Structure formats: structure tokens, C-alpha cells
Amino acid sequence: MTSPTPPSGKARPGRGLRLVLGILWLGAVAAITLTAGRAPRFGAPVIPSLCLFCGDRGAADAVLNVVLFLPLGLVLGPSRAVRFSLLAGFLVSGAIETAQLSLPGRNPALGDLVWNTTGAGIGAAASLALGRWLAGAVPARARAVAVGLPVLYLLLAGWMAVPRGTDARYFGQWTPDLGFMAQYRGDLLSAEIDGEPVPRGAFPPAHPRPVVEEGVRLEVVVTKGLPTRSISPILSVYDEHQQEILLLGAQREDLVWRLRDRGNALAFDFREVRVRDALAPVPVGETMRLEAERRDGSLCLRVDDAQWCRLGFAPPGTWRYLMNLEGASPAFRAALNVGWMVTLYFLVGVLGGSLASTLLLGAFSLGAAALVVAATPLVAGGWLGWTGLLVGIALGALMRPVVRTLVGIRHSGVA
């Protein structure tokens, strides 16, 4: 078995590759973090935030900040100790947060610094582990990690997809003008949840909080308005703390459904279900009946006589907990679905070993993902996103020599 440690006095292989990747990463991070945003109103001063999980999507931002600095740890890990990568992550992130003090629309935060630094440390630890595992025969525990991580992730995503309301009183909102979303331009004529009328305001004391955890049936009658470029709620329910519970709305000709779940309660982004062009057959100004029914984990949406069932949240689309991207095109969303699955299963191909072993791990990964779908509120979804699983494993196997070089291995070991 070869050792990932180079002879004394010699630089690790792949130094040039890591340098190029490091420069590319630094340029990408600068483009993402050092671009001015929308200027604050009235020239308000930028005050750094001291929170670790900031805002309604604080957990999603924390994870994204960890992921953003993983590459720094990966390129530094083979030649430096984890503590050096932590220091580098701290210094780079600190420089970015300091620079953001003078950038309009940017809000430096302690949480960004902490999670960026954490990401660099995790990347370095992962690089060192890969160096040990790929230096010779890949140990069984390494393959178990490669297959187990996506399974654990999908189980967590499925657990977070369980609907969850709040204990506060609910308020019904008919075509509301919320300020941060477009207002629907049609007239809502009637609205019911589980057969009970939805008020314009606080729900009555007898029914202060319609149950959403076990299931919900929503029916509305509305005159179709002109399409809007962003999501416009036709009917929404918020609680007294201004937390969204459910929303039935439109974007262009799409019908959009959102229901609060455990992921939202943990400060991850909203996931949404949409039916593309569902409203297109109905002329503007005509009355239409919209229904949304969720029972036993299955969602059906209806527009008059048209119906779409078995809708929900598929594993390829679980990236939406981190960034929903409601304005993205269907093609871009489909590409992200495939790319997300490639990312989740790339390591399976890298650590697969022989062709037979890689094929076996691929079959096991596909079967495990199917079991997760059967055991959680996740749905199977379309076939296109699932191709990312196979592409990720194949790409990982093809890129194994590059990964070996990246983590500083000079000679090939036994697969």
C-alpha cells in the first residue's frame, strides 16, 4: 500500500492543480460576496450582525456559508494541517466581512465568519481523509461513508418535509398586498379550508388554527387576474408572528402551493410545489375554482376540471431548502436538480474501486434512495433528476485520478 505522505523534502503532487483551483475559487467567492446589492433606505449605516442564525432562513444561510468555503479546505488540506485551513478560512472570511462594511446592500455578520471558517476546516479534514482512503485499497468504511452520506441527507430532507404549523393564532389573507410579493390582480370570491370559511383576518376562537400537520383541503373561487412576474398569493394564511403557514398563489401562468413544514421551522428556505401553465387555459377575468388537497403525504392540485396528483418534493429538488430561486426558469431548475444529485453521489464513484464494486454501490445507492422515498413524504418525481445519481457515480469514477492528485497522492494504489 502506498502512503499519501510524500518523501521528505519533496512537495506533494498536485500543487499546481490546487493553486489553479484555489485562484478560481477565490475569484468566484469575490464575485459572490463583494458585489454591491440594493442600497439601504435613507442611507442607513451598515451595522454588523452578531447572530449565528440570522433571519427566517438563517439555517440555510449557515449551510451555504459552510459549503462556500469547503473548497478552500480541500485545496489546503493535503499540504497543511486542519488548523492552518481554519486560520486561512478565518482570515479570508474576515477580510470579506470587513470589505462588506463599505458595500451598499451587504450585511456583514458574525455567523458568516463562523460558518465560513467551519467550512474550511471540514474541507481540510475531508481532504486528509480522502488522501488516506485513496492511497491504497479503499477501506470498506470509506465506501460506507460515501453511500451513507446521501442516505442520511435524504432522510433528513424527508423528515423536514413533514408539515408543521405553529401554536399562534392564524390570520386569513385574501389576495393580500404583502409588500415583498406581488399582489394578485383578480378577485377572490370564496375560500374554505377543510369545509370551514377562511376569514379576512383572524380565525374565529372556535377554530383559531386549522390543522395542517395531518392534511389539509383548500378550495377557492377566484376571477383570474393578469399574470405577475413573481409569486402573488391568491390566498395565504399567516400566524400572529407573521410566519407563513400556507399559500396558494400564481406566478405567470403557474399555480404555486406552499405549506409550512419542519424545514421552515428550522429556518431553512420554503419549498414550493408548482404546476407549470396550469392557469393558462382560463381567460383573464373568468371565474375559476382552485383546489389543493394534501392527504397521507400526497398532494393534488386542481384548476376547474384539470387535476395533477402525486405532487411533492423529490430528492433531486431538495436543494430548494437552501435557496428556493422562485424566479428561476424550469430549465435552470431541472439543471440544478441533476447537478445536485451529481454532487451527492460523486463521492460514491470516487471511492467505488473496481468497476464491479462501483456498479454494486450504484445499485445500492439507487435502492436506498427509493426506500427513503417510500418511508418519507418525499416523492419519486421525474426521471430526469434521477439521472444525476448515475452521472455523479460515473463522473466520480472517471475523475478518481484527478481527485488522487488533488489530495496529494503521487502513485496509484490498489483499488
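Just so you know, these numbers come straight off a predicted model, no measurement behind them.
The number of heavy-atom neighbours closer than 6.0 Å to CG of Asn324, taken from other residues, nucleotides and ligands shown, is above 12. For CZ of Arg310, the number of neighbouring non-hydrogen atoms (other residues, nucleotides, ligands) closer than 6.0 Å is 12 at most. Enclosure of atom CZ in Arg164 is not indicated, since only 12 or fewer non-hydrogen atoms of other residues, nucleotides or ligands lie within 6.0 angstrom.
Heavy-atom minimum distance, Ala380 versus Ala314: O-CB, 3.8 Å. Of all heavy-atom pairs between Gln251 and Arg274, the closest is OE1-NH2, 2.6 Å.
A side-chain donor-acceptor contact under 3.5 Å links Asn264 to the backbone of Asp269. The closest donor-acceptor contact from the side chain of Ser230 to the backbone of Met181 lies at 3.5 Å or more, if one exists at all. Between the side chain of Trp174 and the backbone N or O of Val198, at least one donor-acceptor pair lies under 3.5 Å. Put simply, the side chain of Arg271 never gets that close to the backbone of Thr318: no donor and acceptor are under 3.5 Å apart. Side-chain atoms of Glu219 do not come within 3.5 Å of backbone N or O of Gly195 as any donor-acceptor pair.
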Q: Test side-chain contact (heavy atoms from CB on, under 4.5 Å) on Asp261 and Phe313 and set out the steps.
A: CA-CA 12 Å; Asp261 58 21; Phe313 200 30; 5.9 Å; no

Q | Evaluation steps, salt bridge (Lys or Arg N to Asp or Glu O under 4.0 Å), between Lys224 and Glu253 | A | CA-CA 10 Å; Lys224 183 180 177 181; Glu253 297 289 0; 2.8 Å; yes

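With sequence neighbours excluded, the residues that form a side chain to side chain donor-acceptor pair (under 3.5 Å) with Asp239 are Thr166, Gln243. Among residues two or more places apart in sequence or in another chain, the ring-ring contact (aromatic ring centres under 6.0 Å, His included) test is passed with Trp386 by none.
Two rings, from Tyr321 and Tyr153, have their centers 6.0 Å or more apart.
The structure places SG of Cys300 at 5.0 Å from CD of Gln307, a figure rounded to the nearest 0.5 Å.
In summary, of the residues considered (Arg258, Glu244, Gln173), a side chain to side chain donor-acceptor pair (under 3.5 Å) with Ser236 occurs for Gln173 alone.
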